There are 2 protein chains.
Amino acid sequence: MKKEHDIRYELSAKKLKITPQRVKVLEAIYEMDNHPTTENVIDYVRKSDPNISAGTVYNILEVLVKNDLIKKVKTEKDVMRYDGMTENHHHLYCKQCDYIEDYTNSELDKILKDYFEQNKIDNFIIDEIKLSISGNFVIHKNKNH
Amino acid sequence: MKKEHDIRYELSAKKLKITPQRVKVLEAIYEMDNHPTTENVIDYVRKSDPNISAGTVYNILEVLVKNDLIKKVKTEKDVMRYDGMTENHHHLYCKQCDYIEDYTNSELDKILKDYFEQNKIDNFIIDEIKLSISGNFVIHKNKNH
DNA sequence: ATCCCAATTACGAATAATTCTTATATAAGA
DNA sequence: TCTTATATAAGAATTATTCGTAATTGGGAT
């Protein structure tokens, strides 16, 4: 189900120093439920490394984003969330609970690609197309409903 | 080009009291360039109403969002932005400058509608589908590049 | 037109999220 | 092992936002 990650390899492939803090932050994002906030990551990592500094986690997350090892997730809430899946995919946003689910479908991506090939946007070069699908889960996925 | 807004009517249609502060905040969002931040709105409004309180602007923006007179814009930056266009539309995000442009196309919306009618998402009822199109403007639209 | 009151605003203090500064520690190449 | 550029810890500082309270006011009722 979940893709296996060789964290140390991923870091070194980006020429980043392998530090225990970076390994644990990446591990946290891969293992946590779903699109964690910075606070979620700090809490998770502190379970095994109680002394990690909040500033360090902020710093590491920024480094990981810059090196495309994780992505920021846009939300309408104030807090930023992070996503360990770096392949292009879409998001389902639940309007009632706080849950964001990944949605992947290559047919859909093909449809979008075709559409924009036939409908170039003037003065704009597209790099990435992501859908924000808002709605409601019939059965909610977390407790914060 | 720009849709005319009867701000006082829009407020009263939502059963909101018409106050000078609310009128000016809505006016600011409609007249400002592009998806302003709260700070942008405060600065703009203070040009004609130097004593408006920041807290009031935060409060008004929240009221306007709750009443669907404006929308929040998801961004990867920390600050929230607002959008006076409430009809469904998509956004072009420039990776270099800080500019967000609206993108509307009913053919595209139809394609998406058809796709999701044929590809129901299990356990999820779709309310709204928006594209986040990231890329680069060939000729940048603002100074903050 | 005036009165009244619930709703709204101003103000500033409080909180929360994030960044910055500086000293210390450490990963990894030589 | 040594060296040094880079990363981390700690906490102060900054920034964005919320909250509490008193004063003001829009608009319905009279």
Side-chain angles (χ1 to χ4, degrees), chain A residues 6-28 35-67 69-70 72-82 98, chain B residues 6-28 35-67 69-70 72-82 98:
Chain A
D6 183 341
I7 291 173
R8 305 174 77 83
Y9 172 77
E10 287 170 5
L11 287 169
S12 67
K14 300 286 182 176
K15 304 200 193 310
L16 296 173
K17 272 192 189 173
I18 297 170
T19 70
Q21 291 86 345
R22 283 175 176 173
V23 171
K24 278 175 184 162
V25 167
L26 252 183
E27 216 166 53
H35 307 98
T37 63
T38 306
E39 194 192 0
N40 296 151
V41 175
I42 292 171
D43 292 347
Y44 189 99
V45 172
R46 283 197 173 146
K47 285 194 270 179
S48 67
D49 180 0
N51 295 319
I52 194 169
S53 164
T56 298
V57 175
Y58 278 99
N59 170 36
I60 289 174
L61 289 170
E62 196 181 286
V63 168
L64 297 179
V65 168
K66 278 195 181 139
N67 286 277
L69 288 172
I70 61 174
K72 288 188 175 186
V73 180
K74 300 178 172 76
T75 81
E76 284 174 8
K77 308 285 164 58
D78 35 5
V79 283
M80 192 51 64
R81 292 179 174 275
Y82 294 91
D98 202 22
Chain B
D6 184 341
I7 290 173
R8 305 175 77 83
Y9 172 77
E10 287 170 5
L11 287 170
S12 67
K14 299 287 182 176
K15 306 200 191 310
L16 296 173
K17 272 192 188 173
I18 297 169
T19 70
Q21 291 87 345
R22 283 176 176 172
V23 171
K24 278 174 183 163
V25 167
L26 253 183
E27 215 165 55
H35 308 97
T37 63
T38 306
E39 194 192 359
N40 296 152
V41 174
I42 292 171
D43 291 347
Y44 189 99
V45 172
R46 283 196 173 147
K47 285 194 269 179
S48 66
D49 181 1
N51 296 320
I52 194 169
S53 164
T56 298
V57 175
Y58 277 98
N59 169 36
I60 290 174
L61 289 169
E62 194 181 318
V63 168
L64 296 179
V65 169
K66 279 195 182 139
N67 285 276
L69 288 171
I70 62 174
K72 288 187 175 186
V73 180
K74 297 180 173 75
T75 82
E76 284 175 7
K77 307 285 163 56
D78 36 5
V79 282
M80 192 51 63
R81 292 179 173 276
Y82 294 91
D98 202 22

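Chain naming here is simple, since letters A, B, ... match the order of the sequence lines and numbering starts at 1 in each. Keep in mind that what you see is a predicted model, and the values were worked out from it rather than measured.
The backbone N or O of B:Val73 lies less than 3.5 Å from no partner atom in the side chain of B:Arg81, so there is not a single donor-acceptor pair.
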Quiz item: Yes or no on side-chain contact (heavy atoms from CB on, under 4.5 Å) for A:Val65 and A:Tyr82, after CA distance, side-chain angles and deciding distance?
Solution: CA-CA 9 Å; A:Val65 168; A:Tyr82 294 91; 3.8 Å; yes
Quiz item: Going through the checks in order, is the side-chain contact (heavy atoms from CB on, under 4.5 Å) test met by B:Ile70 and B:Val25?
Solution: CA-CA 11 Å; B:Ile70 62 174; B:Val25 167; over 6 Å; no
Quiz item: Can you list the steps and then say if B:Thr38 with B:Val41 is a side-chain contact (heavy atoms from CB on, under 4.5 Å)?
Solution: CA-CA 5 Å; B:Thr38 306; B:Val41 174; 5.6 Å; no
Self-check item: Criterion salt bridge (Lys or Arg N to Asp or Glu O under 4.0 Å) on A:Lys66 and A:Glu62, from CA distance to verdict
Solution: CA-CA 6 Å; A:Lys66 278 195 181 139; A:Glu62 196 181 286; 3.5 Å; yes
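The interatomic distance linking B:Lys14 (NZ) with D:dG27 (P) rounds to 17 Å, in whole Å. Between the CD1 atom of B:Ile7 and the C1' atom of D:dG26 there is a distance of 18 Å, given to the nearest Å. Atom pair B:Leu11:CG and D:dT25:C1' shows a separation of 16 Å (rounding to whole Å applied). Put simply, CZ on A:Arg81 is 15 Å from C1' on C:dA17, counting in whole angstrom units. Here C:dA28 presents its C1' atom at 14 Å from NZ of A:Lys15, a figure rounded to the nearest Å.
Within a heavy-atom distance below 4.0 Å of DNA chain C, the residues of residues 56-65 of chain B found are B:Thr56, B:Asn59, B:Ile60. If you check residues 38-55 of chain B against DNA chain D, you find no residue with a heavy atom closer than 4.0 Å. Contacts with DNA chain D (heavy atom under 4.0 Å) in residues 16-26 of chain A: A:Lys17, A:Thr19, A:Gln21, A:Arg22, listed by number.
Annotation: the terminal axes of the helix from C:dA1-D:dT30 to C:dA30-D:dT1 meet at 40°, where each axis is the rotation carrying the C1' atoms of four end pairs onto the next four (5 pairs per end, rounded to 10°).
For the side chain to side chain contact (heavy atoms under 4.5 Å, CB included) test, residues two or more places apart in sequence or in another chain that qualify with B:Val23 are B:Ile7, B:Arg8, B:Leu11, B:Ile18, B:Glu27.
Rounding to the nearest 0.5 Å gives a distance of 11.0 Å between CG of B:Leu16 and CD of B:Glu10.
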Atom pairs and distances, side-chain donor-acceptor, residues 48-61 of chain B, under 3.5 Å, sequence neighbours left out:
| from | atom 1 | to | atom 2 | distance (Å) |
| --- | --- | --- | --- | --- |
| B:Ser48 | OG | B:Val45 | O | 3.3 |
| B:Ser53 | OG | B:Gly55 | N | 3.3 |

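Counting heavy atoms from C-beta outward, B:Arg22 and B:Val63 have side chains that approach closer than 4.5 Å.
Pairing each heavy atom of A:Glu76 with each of B:Met80, the nearest pair is O-CE, 3.2 Å.
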